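One is the number of the first residue; the rest follow in order along the sequence. Order of listing sets the numbers, starting from 1, for every ligand and every atom in it. Everything numeric in this text was worked out from a predicted model, so none of it was measured.
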Amino acid sequence: MDKIKEELENLKHEIRENAYRYYVEDNPTISDAEYDVMFKRLLEIEEKYPELKTNDSPSNRVGGEVISEFNKIQHKIPMLSLSNMFSESDIRQFDRRIKDILKTENEIEYAVEFKFDGLAVSAVYEDGIFSLGSTRGDGTTGEDVTTNLKTIKSLPLKLRGNYPKHVEFRGEVIMKLDSFKELNKKRAENGEKIFANPRNAAAGSLRQLDSSITASRNLDLYIYSLNTDIENIKSHSEAMKYAETLGFQVEKNRKVVVGVEKLYEFCKYWTENRKNLNYEIDGIVIKVNKFEEQQKCGFITRSPRWASAFKFPASQVRTKLKDIECQTGRTGVITPVAILEPIVADGSVISRATLHNQDEITKKDLRIGDMVWIHKAALVIPEVIAPIPELRTGNEIPYIMPETCPACGEKAIRQPGESALKCVNISCPAQKLRKIIHFVSKKAMNIDGFGKEIATMLYENNLVTEITDIYKLKYEDLENLPNMAEISINNILNAIKKAKKRPLKNFIFALGIPNVGEKASNLIAEHFRSMETILNAKYEDYIFDDGKTAIDDIGNITANSCIKFFNENREIILKCGELGLYEDLPQKEETNDVNLPFIGKTFVLTGTLSSMTRDEASEKIIALGGKTSNSVSKKTSFVIAGENGGSKLTKASSLGIPIKNEAEFLEMIKS
Ligand code: IVH
């Protein structure tokens with residue numbers, strides 16, 4: 001028996017050493033076949049003498065335990081995330097911030113390494129033995145995947161060398177590209193669903209209740225941090241070297257660079273060269289190397305200030321442009337949309353992409369039937385980059401947008417100087433429906449559960465053809481519609497009831513005024529404060545007679561668009577008011593405190609002030625008891641002249657009204 005024990009110990013040792021040479025040193029000294037022979041013998045002995053099987057035996061790699069669900073694990077130290085950077089200037093800003101925090105102009109030492117696109121895990125070791133493995137989960141609570149992690153050969157079941165009593169490692173489980181391709185090939189042959197990308201394959205493989213499935217999937221683990229108290233380790237790079245001596249695989253292209261130039265060089269190099277790697281990475285993680293400096297930088301809520309991830313530009317993929325369809329939006333703009341052979345890019349399926357307008361199609365020379373390059377702009381929006389002319393067969397058809405609206409068939413118009421083709425029929429059904437969809441959306445009236453499908457169904461059944469109809473809906477109206485259960489009818493009716501008294505800015509946004517987005521809606525609400533004032537506002541209330549804007553960032557185009565819209569839609573907006581759909585903002589208080597210096601004084605502002613906006617200046621005047629007006633008259637007490645003041649100054653001089661420059665004004669409001 002002692003002899004068997006000795007053989008077993010030797011086998012475990014040899015297998016462990018060879019796995020280390022293979023994974024960590026990248027320098028195997030025996031063939032795969034020799035390794036397999038040893039492994040088979042180990043299994044044989046353990047089968048015959050189960051009492052000799054230990055927790056750290058390499059035989060755990062084959063899996064076999066089946067569980068019904070994963071236990072939840074609380075992470076002792078939360079698993080954080082990283083902030084993202086997308087450009088050279090982001091990297092330079094990051095470096096600047098670190099220098100500012102550390103109060104130094106010396107170049108910073110950074111550890112740079114790959115950002116693996118896999119699944120984050122934690123591996124805890126007690127007395128050198130792997131004792132608990134978990135997924136990141138939401139960062140605080142993960143799942144116990146100890147048994148499954150044991151099947152990953154690059155995770156040591158027993159630490160080598162001089163290990164601490166308690167230590168936690170963190171890293172990423174990934175599937176290399178060759179294993180991924182092989183797995184998908186097998187799955188396709190067996191008629192199983194294929195994985196969209198290596199990340200999903202790795203996650204799907206690790207989260208298996210039957211660990212033998214995980215064992216069959218050829219996963220890998222790369223370590224990128226460790227938590228323990230060891231005094232003589234003073235930097236991230238030293239910690240990673242130490243992790244290697246303990247038996248872990250740490251990615252070998254990692255580096256320590258000094259200064260932002262070298263930092264950017266590393267990011268740029270791997271942006272271009274990552275395609276040659278046998279696994280997917282989606283960026284470079286940059287960490288301040290020295291622990292002492294990391295500590296000074298600290299954390300912001302859920303991520304460290306001393307680290308950040310530079311994300312590569314989204315990758316390009318090829319697919320076929322099957323067709324181009326036109327869609328009419330809520331403002332009547334007709335947009336061509338590319339219908340693509342569905343394809344996965346950056347983890348999701350893309351089948352449509354906007355082509356914006358005819359000029360874009362012409363400029364890119366896109367033809368129906370073309371093979372095209374696509375990617376996700378800003379990592380989310382599918383975009384057709386260009387056709388691949390070398391792959392043309394001669395059957396591709398150039399595309400010209402129709403001259404009529406695809407929804408109502410009326411003639412579409414393109415104004416000279418504009419790129420958009422527009423349907424100007426105000427009763428165009430597509431526009432009306434899109435307006436309703438926009439009106440109920442989250443940032444607008446936020447009617448929960450009232451999405452595109454419901455809006456379309458109600459519109460097509462003539463139940464909601466304009467926005468006020470939404471608030472007249474009754475149970476009986478909805479009950480005969482297909483797929484409407486009692487509970488969902490009640491949910492919708494309740495959500496409608498709740499979606500009243502929305503802040504003025506959301507209501508303005510909900511109206512879908514051309515050229516008025518979220519930001520402009522907010523500015524207009526803040527400035528005018530009530531719908532009544534907005535409905536009565538004239539051009540001069542937006543743009544003063546000296547050409548200056550009353551509201552910063554609201555120029556001529558938006559002003560005209562608002563005036564036109566509020567004129568044309570007065571009736572329906574008044575109806576919305578009666579229904580109580582929005583809440584005005586409180587008026588800025590005028591005060592009667594006779595002790596205030598500007599009591600009874602009226603100010604007119606003209607030109608641009610360098611120290612504040614016009615709105616801020618008005619607020620100051622009101623706070624000191626004064627009033628502001630847009631036009632100069634005999635009642636004006638002072639005209640405040642900023643840079644490039646206009647005709648108001650001439651008028652003020654002719655009426656003998658005192659004109660104050662910015663410095664004098666600042667003196668007046670000094671309190
Ligand atoms: S360090 C406190 N290093 O990226 C720093 N994370 O948003 C925590 N990731 O879920 C992470 N490669 O799983 C670090 N070399 C690397 C990484 C890496 C991939 C993942 C990590 C986490 C996410 C952070």
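The proximity of Lys115 to ligand 1, defined as any non-hydrogen pair under 4.0 Å, involves the side chain as well as the backbone. If you look at Arg170 next to ligand 1, there are no close heavy atoms at all, none under 4.0 Å.
Ring geometry, Phe169 versus Phe248: the interplanar angle falls from 30° to 60°, so the pair is classed tilted. Ring pair Tyr222/Tyr279 is tilted by interplanar angle, where 30° to 60° counts as tilted.
With ligand atoms numbered from 1 in the order given, ligand 1 contributes 10 (O) to contacts under 4.0 Å with heavy atoms of Arg136. Counting atoms of ligand 1 from 1 in the listed order, those under 4.0 Å from a heavy atom of Ala120 are 10 (O), 13 (O). The distance from ligand 1 to the heavy atoms of Pro304 drops below 4.0 Å at these ligand atoms: 2 (C). Shown in contact with Glu113 at under 4.0 Å from a heavy atom are these atoms of ligand 1, numbered in order with element: 3 (N), 15 (N), 16 (C). Which parts of ligand 1 touch Lys287 is read off a 4.0 Å heavy-atom cut-off, strictly below it: atoms 1 (S), 3 (N), 14 (C).
Using modelled atom types, one side-chain atom of Asn289 and one backbone atom of His236 make a donor-acceptor pair closer than 3.5 Å. Side chain of Glu238 to main chain of Lys234: a donor-acceptor pair is present (N/O by atom type, distance under 3.5 Å, no hydrogens or angles). A donor-acceptor pair is defined here as one N or O able to donate and one able to accept, closer than 3.5 Å; no such pair exists between the side chain of Arg170 and the backbone of Ala120. A donor-acceptor contact shorter than 3.5 Å links the side chain of Gln249 to the backbone of Leu221.
For atom 18 (C) of ligand 1, the closest heavy atom belonging to the protein is Tyr224 CE2, 3.4 Å. In terms of protein heavy atoms, atom 8 (C) of ligand 1 is closest to Leu80 O, 4.1 Å. For atom 7 (O) of ligand 1, the closest heavy atom belonging to the protein is Leu82 N, 2.9 Å.
Between Asp144 and the choices Thr146, Asn148, Thr147, the side-chain hydrogen bond (donor to acceptor under 3.5 Å, both in side chains) rule is met once, by Thr146.
Using a 3.5 Å distance cut-off with no hydrogens or angles, the side chains of Asn227 and Lys76 do not pair a donor with an acceptor.
On a distance-only criterion, Glu172 and ligand 1 share at least one N/O pair closer than 3.5 Å. Below 3.5 Å of separation, one finds no N or O of Val285 facing any N or O of ligand 1. Between Phe116 and ligand 1, at least one N/O pair is under 3.5 Å apart.
Between Tyr110 and Phe266, a ring centre-to-centre spacing not shorter than 6.0 Å is recorded.
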